[in-house]
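See structure below.
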Amino acid sequence: ATCETSGSCDASDPLHPCWEGVKEALGGHDEYLALEELEQGECCIETMYQAAIATQLPPSAKLVVERHFIAVAATHERIRNLRDAAKPRL
């Protein structure tokens, strides 16, 4: 699966913009908007894991990062599916 985010991922502070968007979406009680914000955050996290895997890590560290990436990718997929299920029907 590919990331569908329109924003950018900032490795120095990847969660702050996502968290602000989620707080705003929850304040409006918009399930789809909240899930959209969460999906974008998951996309950024997944992108950062992919970048880490592409670097020259020691084999033991690379194995740990790859295992974490599998869990991150699965969570991203679940959030994406929830978001898609909550999409308003026209």
Side-chain angles (χ1 to χ4, degrees):
T2 60
C3 291
E4 301 165 2
T5 183
S6 59
S8 63
C9 298
D10 180 1
S12 66
D13 191 8
L15 297 179
H16 180 71
C18 177
W19 178 242
E20 289 301 316
V22 170
K23 286 193 318 187
E24 185 177 309
L26 290 175
H29 306 290
D30 186 330
E31 180 182 19
Y32 176 77
L33 183 57
L35 289 166
E36 177 70 17
E37 292 292 335
L38 287 170
E39 193 277 329
Q40 293 205 15
E42 290 295 320
C43 183
C44 285
I45 293 166
E46 188 174 333
T47 298
M48 285 186 262
Y49 267 89
Q50 289 170 331
I53 290 169
T55 64
Q56 296 292 326
L57 294 172
S60 59
K62 188 169 189 142
L63 182 60
V64 170
V65 173
E66 288 173 338
R67 286 182 182 160
H68 284 210
F69 173 75
I70 291 168
V72 166
T75 299
H76 183 196
E77 185 68 24
R78 282 193 298 273
I79 296 292
R80 185 183 300 120
N81 289 340
L82 288 169
R83 179 209 57 196
D84 292 347
K87 188 172 187 174
R89 311 272 190 270
L90 296 179

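Here, residue 1 is the first one in the sequence, and each next residue gets the next number.
In this structure, Glu42 CD and Thr47 OG1 are separated by 11.0 Å, a value rounded to the nearest 0.5 Å. Rounding to the nearest 0.5 Å gives a distance of 12.5 Å between OG1 of Thr75 and CD of Glu39. Atom CG in Leu38 sits 10.0 Å away from atom CG in Leu33 (nearest 0.5 Å). Here the CD atom belonging to Glu36 is positioned 8.5 Å from the CG atom belonging to Asp84, to the nearest 0.5 angstrom.
By the side chain to side chain contact (heavy atoms under 4.5 Å, CB included) test, Val65 is found to be paired with Tyr49, Ala52, Ile53, Leu57, residues two or more places apart in sequence or in another chain being considered. Legend: residues meeting side chain to side chain contact (heavy atoms under 4.5 Å, CB included) with Ala73, ordered by chain and number and at least two apart, are Glu46, Phe69.
A side chain to side chain contact (heavy atoms under 4.5 Å, CB included) with Leu35 is found for exactly one of Gln40, Lys87, Arg80, Arg83, namely Arg83.
The two residues Pro88 and Tyr32 come nearest to each other via the heavy atoms CD-CG, 3.8 Å. Cys43 and His76 get closest at one heavy-atom pair: CA-CE1, 3.7 Å.
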